[in-house]
J.: 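Attaching a single structure in structure tokens format; questions to follow.
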2 protein chains.
Amino acid sequence: MTAMTATTPAFVPFPASMLRLVPDSLDIAALSAQMTVLRRRVRGGQHVYRAGQPFRALFFVHAGFLRRSVATADGREQVTGFPMRGELVGVESIGSGHYTVDVVALDDCEIIELPYPAVLDACAAMPTLQGALTQALAQELRRDQYWMLTLGTLNADQRVAAFLQDLAARHRALGFSASHFVLRMSRIDIASFLALKHETVTRALSHLAAAGIIAVERREIRIACAERLGRCAGGAELARCAA
Amino acid sequence: MTAMTATTPAFVPFPASMLRLVPDSLDIAALSAQMTVLRRRVRGGQHVYRAGQPFRALFFVHAGFLRRSVATADGREQVTGFPMRGELVGVESIGSGHYTVDVVALDDCEIIELPYPAVLDACAAMPTLQGALTQALAQELRRDQYWMLTLGTLNADQRVAAFLQDLAARHRALGFSASHFVLRMSRIDIASFLALKHETVTRALSHLAAAGIIAVERREIRIACAERLGRCAGGAELARCAA
DNA sequence: CGTCCGGTTGAATGACGTCAAACCAAGTGG
DNA sequence: CCACTTGGTTTGACGTCATTCAACCGGACG
């Protein structure tokens, strides 16, 4: 009768706040003064860690792109994210004794290894660090929930649009171009992340390209109209876009 | 040909480790000695908090069942979980300044309010508490990733089977019957959580019932064969089950 | 040069969504 | 007591969109 019995959400945390990098406040310089950190290079295709290995350290991505995936006993597998520069990987495994996911480099990466016992010591010494770690965890949680929502409520074309929008924003946050970038991952990886098949991802990219919203050439993406892309990802506009 | 070049995951964290309650090590008794905690009753249908409200406290569920959901500006919404006794809610909002999801009671609940500043103080005083909180965060993260995998790789019948299996395990962990329980949430809530429509959930339940795996009567669920249910949820058995 | 891998595209199939009707239990009011 | 509503659930018929299966293309590489 009145102003809708259904609560209209006045406040919406996504996606703006989602697109900031996770460890906003993680100061690696201060951290390395506090503890010994190890710089490591990882070649494309190599694992940073594998599910089942004993949990020893967190890793801060200093350069490069990674793929995180989780698998089950019966052979099912799903990509759960694509960490990049400035993000902390390994946090999902804290407290479980061993790593629970696979993290593999998509290209040559430089990562900083933070042995977990030392992290704990440093946290005790620097309360701000503890807060930063907790916030990183919580933000990661919000990210996952945002993607759960995206995958649960959007169709294939919209999911791909949302994926591109997310990549663009993360590139911008790193100082790269948000309108022109190269996908580091295969169609199959994207499909797994978005709970689609790789043919469907290809088709969605073709639809967006046909609508003039993006230009695709193999893994090279050019975003012609970020605003339309956003409408595709967020709302009902896509019916028109993809027609 | 051989054992597949694809890495066969020798170690699998899910679902066994997933089914433990989140704050294994959160000792509320010790905590309440350390800080002032507030006991609150929440009637069924009432909100514990809403997205957008200022973040003030975490909540420990002492009794009852809740529903957590996230919404976007354009009206999309998704249930992201069903917290129950022994779980900590609100952690996803840490560091964001305001709550980022809605949490509503499905039945009459008793919850313990833990004002966040006091939690921080207590963490500083009790290092084990800090560890427990961090672990709770990480475990929640693993849970979300497990469900992402489930939703991304299973069909409708399998998702519903996995959902029932999860509920059964959580009931068992609380000392309730794992083979006979009452769903506190509607078909619509289940459907939203599993990224399906409520008719599809109903059909899936009917399939499982027709296969003799469960008995359904409105919200009352009886699990006739937990082993077959598990095979449905996990693997390829369902084609046979639901036929 | 042939092979392989990743990507693209088309056509057919099928699973889930949509729409609609009916049912059931619990209220509410006459 | 019955008529009527309301919210949740169930079932059927039909439509749609993503998957499946297949063919084909182009670049990388032995």
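Quick caveat: nothing in here was measured; it's all calculated off a predicted structure. In what follows, every heavy atom counts, from backbone to side chain, and hydrogens, waters and symmetry copies are set aside. Chain naming here is simple, since letters A, B, ... match the order of the sequence lines and numbering starts at 1 in each.
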J.: Could you tell me which residues satisfy side chain to side chain donor-acceptor pair (under 3.5 Å) with R187(B), sequence neighbours excluded, listed by chain and number?
T.: none

J.: Could you note down all residue pairs passing salt bridge (Lys or Arg N to Asp or Glu O under 4.0 Å) where residues 59-71 of chain B supplies at least one of them, sequence neighbours left out?
T.: R67(B)-D189(B), R68(B)-E140(B)

J.: Hey, is E199(A) close enough to R203(A) for a salt bridge, meaning N to O under 4.0 Å?
T.: no

J.: At a heavy-atom distance below 4.0 Å, what parts of residues 182-193 of chain A sit against DNA chain D?
T.: none

J.: Could I get the full list of side chain to side chain donor-acceptor pair (under 3.5 Å) partners for R159(A), not counting sequence neighbours?
T.: none

J.: How many whole angstroms separate atom NE2 of H207(B) from atom P of dA15(C)?
T.: 10 Å

J.: Quick one: side-chain contact (heavy atoms from CB on, under 4.5 Å) partners of E110(A), sequence neighbours excluded?
T.: R39(A), R41(A), H62(A), A63(A)

J.: Taking side-chain contact (heavy atoms from CB on, under 4.5 Å) as the test, write out the residues that go with S177(A), two or more places apart.
T.: S179(A), H180(A)

J.: Hey, can you pull the donor-acceptor pairs under 3.5 Å for the side chains in residues 209-219 of chain A, sequence neighbours left out?
T.:
from, atom 1, to, atom 2, distance (Å)
R219(A), NH1, R184(A), O, 3.3

J.: Taking five pairs at each end, how big is the angle between the two axes of the helix from dC1(C)-dG30(D) to dG30(C)-dC1(D), to 10°?
T.: 20°

J.: Using the salt bridge (charged side-chain N to carboxylate O under 4.0 Å, His left out) criterion, which residues pair with R172(A)? Sequence neighbours excluded.
T.: none

J.: Looking at residues at least two apart in the chain, or sitting in another chain, which of them share a side-chain contact (heavy atoms from CB on, under 4.5 Å) with S93(A)?
T.: F55(A), Y99(A), T100(A)

J.: Walk along nucleotides 12-30 of chain D from 5' to 3' and tag each nucleotide B, S or - by protein heavy-atom contact under 4.0 Å, base first, then sugar-phosphate.
T.: BB----SBBB---------

J.: Tell me, please, which residues at least two apart from V61(A) pass side-chain contact (heavy atoms from CB on, under 4.5 Å).
T.: L66(A), V89(A)

